[in-house]
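Written below as structure tokens is the structure these notes are about.
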Amino acid sequence: MRIDIPIRTSAPKPDLVPPASLNAPSASPLIEVSNLDLHYGTTRALKNIGIQMHGHVVTAFIGPSGCGKSTLLRCLNRMNDLIDGVRIRGSVKIAGHDIYGKDIDVIELRKRVGMVFQKSNPFPKSIYENIAYGLRLHGIRKKSEIDAIIERSLRAAALWDEVKDRLHRSAMGLSGGQQQRVCIARAIAIEPEVILMDEPASALDPIATARIEELILDLRKQFTIVIVTHNMQQAARISDYTAFFYLGELIEYDTTRKMFTNPSKKQTEDYVTGRFG
Amino acid sequence: MSTLAVRSILPDGFPRARFDVISFFFTGLTGLSTVLILAILAVIVGNVVLLGWDTLSWRFVTSGTEQDMFDVNKAGVLPMIVGTAARVILMTLFVVPAGVITAIYLTEYASRTSLTTRIIRSAVNNLAGVPSIVFGLFGLGFFISFVGFHADNLLHPNAQNPVWGKPGLLWASMTLAVMTLPVVVVATEESLRAIAPGLREASLALGATRLQTVIKIVLPQALPGILTGGILAISRAAGEVAPILFTGAAYYMANLPHSLADQFMDLGYHVFILSTQSPNIEKTRPILYATVLVLLMLTFALNVIAILVRSKVRRQMRAMQ
Ligand SMILES: Nc1ncnc2c1ncn2[C@@H]1O[C@H](COP(=O)(O)OP(=O)(O)O)[C@@H](O)[C@H]1O
Ligand SMILES: [Mg+2]
């Protein structure tokens with residue numbers, strides 16, 4: 001049996017702070033991750049991650065598959081809590097609150113930090129019920145209010161015109177791209193501050209992908225978005241900041257423009273130019 | 001000329017269909033076993049119908065408490081129908097919630113590998129292998145001598161005769177519920193496993209608790225599987241006699257049971273009585289077959305009801321898939 005002794009491979013790194021740039025607000029960061037380590041059983045999936053993200057920007061996580069992008073994303077709304085044998089050390093603060101602290105209500109956290117998954121997962125219910133579900137969970141019961149929010153969310157998800165006549169039909173009958181937009185509408189209906197997206201377009205065709213990307217650019221005005229993508233062009237098109245991960249480590253984090261034109265690390269350059277990964 | 005043309009489109013070495021002895025043999029074997037099973041079923045059911053049909057009458061199924069049970073012209077099975085239906089329905093009411101809650105705990109809450117999970121799972125599996133007479137003895141020892149005895153001390157301290165500390169409908173149904181628990185647990189677990197993990201994650205990510213996720217998202221999806229478990233439990237329990245021998249079935253009751261503490265007459269047990277206690281086996285044989293026929297029909301009817309409910313649920317679900 002292997003005895004797992006936590007060893008720091010390096011001294012704690014200073015957190016990577018987003019550099020000031022023209023479009024970055026100068027307020028304090030919304031999401032602060034420091035010295036974050038995560039083990040699945042005995043495998044160490046995240047190594048000493050430190051990263052700070054500002055509100056109302058789109059941050060993209062890129063890196064070869066298995067490098068821990070999804071794992072880090074799922075740390076931000078504590079979805080990893082649900083997996084057996086996960087151990088987490090370090091701290092994640094959102095709006096100044098340590099979300100792994102004792103006094104944190106995970107339910108409230110997940111209401112404020114929504115998530116869209118790689119594989120679209122609408123409930124096998126009507127489009128209407130898919131969105132109403134989250135609203136009812138959070139105590140909204142009045143039909144007129146629910147109806148209004150559903151329309152607003154579907155409009156925000158650029159889906160209203162396509163589904164307004166079939167709200168009470170199953171969401172499973174929609175196309176893949178429409179299903180994913182139902183999932184986005186469902187997430188934004190409960191008005192989170194942050195939306196986490198794990199490769200939301202990876203299973204979609206180019207046209208559906210383009211629509212999702214447009215949507216993300218739109219949503220940026222209202223929400224803070226952290227998106228995992230394996231598609232370089234997508235990261236370049238939609239994100240303000242890009243973080244590059246490799247084997248569980250954060251290699252480089254900078255404005256997307258800098259990351260794609262003039263990265264400081266050789267590994268980043270090799271990855272974004274397609275020389276490996 | 002034509003053969004040449006055909007050959008030229010076929011790639012080189014295209015395998016020709018060959019007579020495959022082994023697959024012919026196994027296809028034949030499976031077909032034969034199917035025919036055999038159907039034949040056995042037909043012989044059993046046919047035999048029962050042929051020999052029992054003449055005795056079956058409206059009077060036969062609506063009388064039977066006061067008349068002589070060994071007289072072909074007077075015997076009736078109403079009390080046995082009532083008793084059997086009551087114990088099966090009550091059992092379903094106990095076993096389905098208990099089994100579903102167990103399965104939910106095992107798949108939705110417990111860690112896959114924890115000691116508790118392994119203990120519960122192996123307990124459930126072992127339960128499935130216990131002979132039914134042992135359940136009867138368990139019911140007698142636990143429900144009647146222990147639970148019932150103490151219930152009487154508490155509720156009826158001055159009663160002359162035991163109320164709960166004797167065989168009765170409640171204890172027989174509970175004993176059957178214990179016996180059929182594995183069936184419901186396994187069927188429910190299977191249907192819970194088949195639900196995409198993404199649905200649970202979606203619900204939790206919206207800020208639902210585990211309980212809300214189970215009730216609103218998981219259980220509705222698992223409903224057909226749960227009903228299948230219920231159907232299997234009914235089929236298993238309806239014909240069982242051993243578990244109710246010491247826990248509730250009576251040789252003869254002048255009245256229909258009107259309380260959960262009452263004993264009851266039972267179709268399966270009555271078949272046993274007719275075939276072992278009859279003063280004249282030959283003369284009472286038609287009653288025996290008619291009783292078996294009624295038991296088959298009752299089991300079939302209970303199953304049909306459950307299957308109809310399930311197909312209604314499935315139809316509603318399909319509208320949302
Ligand atoms: N539930 C899990 N149990 C065990 N190991 C996991 C689990 N999820 C991910 N991993 C491992 O953690 C590492 C990072 O995975 P992940 O975050 O999914 O990578 P990415 O999203 O960058 O492709 C991988 O080596 C993967 O095998
Ligand atoms: Mg991933």
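Every heavy atom of this structure was used, including side-chain atoms; hydrogens, water molecules and symmetry mates were not. In this text the structure is predicted, and so the values were computed from the model without any measurement. Labels below follow one simple rule: chain letters A, B, ... track the order of the sequence lines, proteins then strands, and each chain is numbered from 1.
Classification of B:E201 and A:R74 as a salt-bridged pair holds, one side-chain N sitting under 4.0 Å from a carboxylate O. Using a 4.0 Å cut-off between charged nitrogen and carboxylate oxygen, B:E240 and B:R87 do not count as a salt-bridge pair. Salt-bridge formation is not detected for the pair A:E191/A:R112: no Lys NZ or Arg NE/NH1/NH2 atom is positioned less than 4.0 Å from an Asp or Glu carboxylate oxygen.
Using a 4.5 Å cut-off between heavy atoms, A:F123 contacts chain B through both its backbone and its side chain. Using a 4.5 Å cut-off between heavy atoms, B:R210 touches chain A through its side chain atoms alone. Both the backbone and the side chain of A:L82 come within contact range of chain B, each with at least one heavy atom under 4.5 Å from a heavy atom of that chain. Heavy-atom distances place the side chain of B:Q221, and not its backbone, under 4.5 Å from chain A. Within the 4.5 angstrom heavy-atom criterion, only backbone atoms of A:P122 (N, CA, C, O) approach chain B. Contacts of A:K125 with chain B are made by both backbone and side-chain atoms, with heavy-atom separations under 4.5 Å. If you measure heavy-atom distances from B:S203 to chain A, the contacts under 4.5 Å come from both the backbone and the side chain. Contact annotation for B:A196: neither backbone nor side-chain heavy atoms come within less than 4.5 Å of a heavy atom of chain A.
Per-residue heavy-atom pair counts under 4.5 Å with chain B were compared for A:S126, A:G134, A:G173, and the maximum is reached by A:S126.
Remark: the backbone N or O of B:T113 is paired with a side-chain donor or acceptor of B:R118 at under 3.5 angstrom. No donor-acceptor pair under 3.5 Å is formed between the side chain of A:H138 and the backbone N or O of B:A208.
Side-chain polar atoms of A:R186 and A:N121 form a donor-acceptor pair below 3.5 angstrom.
Inter-residue side-chain proximity for A:E193 and A:V113 is flagged as unmet; no heavy-atom pair is nearer than 4.5 Å.
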